[in-house]
Protein chains: 2
Amino acid sequence: MTDRHWSIGEMCRDFGVTARTLRFYEAKELLSPLREGSRRLFTRRDRARLTLILQGKRFGFSLEDIRQLLDLYDIGDQGATQLARTYDLARQRLAAMEAQRDELTRAITDLREQLALGERMLAERGIRVAAE
Amino acid sequence: MTDRHWSIGEMCRDFGVTARTLRFYEAKELLSPLREGSRRLFTRRDRARLTLILQGKRFGFSLEDIRQLLDLYDIGDQGATQLARTYDLARQRLAAMEAQRDELTRAITDLREQLALGERMLAERGIRVAAE
DNA sequence: GGGAAAGTTGACGTTTACGTCAACGTGATG
DNA sequence: CATCACGTTGACGTAAACGTCAACTTTCCC
C-alpha cells in the first residue's frame with residue numbers, strides 16, 4: 001500500500017482546482033486530509049474521492065448529492081443498518097443515473113437530427129462543412 | 001398549424017415550474033411569449049424550448065449554455081454566417097454530450113460494481129436485499 | 001538571515017437561479 | 001359591487017459554490 005501524501009498545491013495542479021475549492025470541500029466534509037501541523041496532507045483516498053466529486057459535478061449533481069454517494073465507496077466501515085441504507089440510496093442513484101443516460105442518449109439523437117437539418121441548409125447556400 | 005396559446009398558470013401546471021421561473025427565463029431571453037395586454041401568452045415554440053431547457057438543466061448545463069444551444073433549434077431564420085457559427089457550436093455541444101454520456105456509462109459501471117460489493121457484504125451479515 | 005514561496009484562517013464578495021413579498025391591474029362571479 | 005383568482009412589475013432575499021483579500025506562519029533557498 002503506497003501511502004504517499006500530497007500538498008494542497010500538488011492537488012491543485014493534478015486536478016485543476018483551486019486551493020479554495022479543496023478547503024471548501026473539506027469544510028463540507030467531502031474530503032478529510034490529514035494534518036502536518038496546520039498543513040493539509042491529502043491521501044490516496046482523498047484523490048479517489050475528488051475524482052468522484054468532479055465527475056459527479058459534470059453530471060449535474062449537487063455537492064450534497066455527491067457527499068451521500070461517496071459514502072458508498074467507503075462501504076465496510078459502517079454498521080449493518082447504515083450499510084443497508086447506503087445500499088438503498090446507491091440503488092436509487094444508479095437508477096437516476098441510468099435514466100439520465102437514457103435521456104441524454106435521446107437528446108443526442110435529437111441534436112444529431114438538427115445537425116443534419118442544418119447541414120442541408122448550409123449546403124443549399126453552397127457552404128461546405130467538415131466531414132464527420 | 002395549431003396556434004394555441006397557454007397562460008402562465010397553465011405552463012406552470014404542465015411543466016412543474018413556478019411563474020417566477022418562467023418570467024426569469026423570459027428575462028434571460030430563453031423564452032419569448034406573446035402579450036395580450038400585459039399578460040403573457042406562451043406558444044408551441046415556447047413549450048418546445050422549455051422542454052429543452054429543463055432537459056439541459058438535468059444534464060448539468062447552465063442557462064447560458066442552454067440559451068446558445070436553443071438557437072440551433074431555430075435554424076432557418078438566421079444569416080448564412082450566423083447559421084454556420086451555430087452549426088459549429090452545435091457540433092461542439094454534441095461532442096460534449098457524447099463525452100458526458102460515455103463518462104456516465106463508465107460511472108454507472110463503477111457504481112454497479114460497488115453495489116455488487118455492498119450486496120456481498122450485506123449477505124455476509126445475513127441481510128437480504130430485493131432482487132434486481 | 002532575509003526574502004520568496006507555499007500554506008493557514010477568517011471574512012466578505014460574487015454569480016447563478018431562482019424565492020418571496022408588496023403593491024397593483026383586470027376579469028369573472030355570486 | 002365586492003371579492004376572488006389570476007396576472008403584472010419591481011425590489012429585495014437566499015442557497016450553493018466558490019473567488020478574493022487581508023493578515024499571519026513556515027519553510028526553502030541563496
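All chains are named by letter (A, B, ...) in the order of the sequence lines, taking the proteins before the strands, and each is independently numbered beginning at 1.
Rounded to an integer number of Å, the gap from A:R35 CZ to D:dT25 C1' is 14 Å. Atom CG in A:L41 sits about 14 Å away from atom C1' in D:dT26, given to the nearest Å. In this entry the distance linking CD of A:E36 with C1' of D:dT25 reads 14 Å, nearest Å.
Using a 4.0 Å cut-off between a side-chain N of Lys or Arg and a carboxylate O of Asp or Glu, B:R125 and B:E119 do not qualify as a salt bridge.
A salt bridge (Lys or Arg N to Asp or Glu O under 4.0 Å) check over residues 54-68 of chain B, counting only residues at least two apart or in different chains, returns the pairs A:E103-B:R58, B:E64-B:R67, B:D65-B:R93.
Note on B:T18: a side-chain N or O is less than 4.0 Å away from OP1 or OP2 of C:dG19.
Scored by the salt bridge (Lys or Arg N to Asp or Glu O under 4.0 Å) test, B:R101 finds no partners at all (sequence neighbours excluded). Qualifying side chain to side chain donor-acceptor pair (under 3.5 Å) partners for B:T105, counting only residues two or more places apart in sequence or in other chains: none. Residues that satisfy the side-chain contact (heavy atoms from CB on, under 4.5 Å) test with A:T51, not counting sequence neighbours, are A:F15. With sequence neighbours excluded, no residue forms a side chain to side chain donor-acceptor pair (under 3.5 Å) with B:R13. Applying the side chain to side chain donor-acceptor pair (under 3.5 Å) criterion to B:E98, with sequence neighbours excluded, gives A:R112.
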Identify each atom pair where a protein N or O and an N or O of nucleotides 4-7 of chain C are less than 3.5 Å apart, giving names and distance.
unit_1, atom_1, unit_2, atom_2, d
C:dA6, N3, A:R39, NH2, 3.4
C:dG7, OP1, A:S7, OG, 3.1
C:dG7, OP1, A:G9, N, 2.9

Give each protein N/O atom lying under 3.5 Å from an N/O atom of nucleotides 12-16 of chain D, with the pair distance.
none

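The hydrophobic cluster around B:L34 extends to B:L41, counting ILVMFWY residues whose side-chain heavy atoms fall within less than 4.5 Å of a member.
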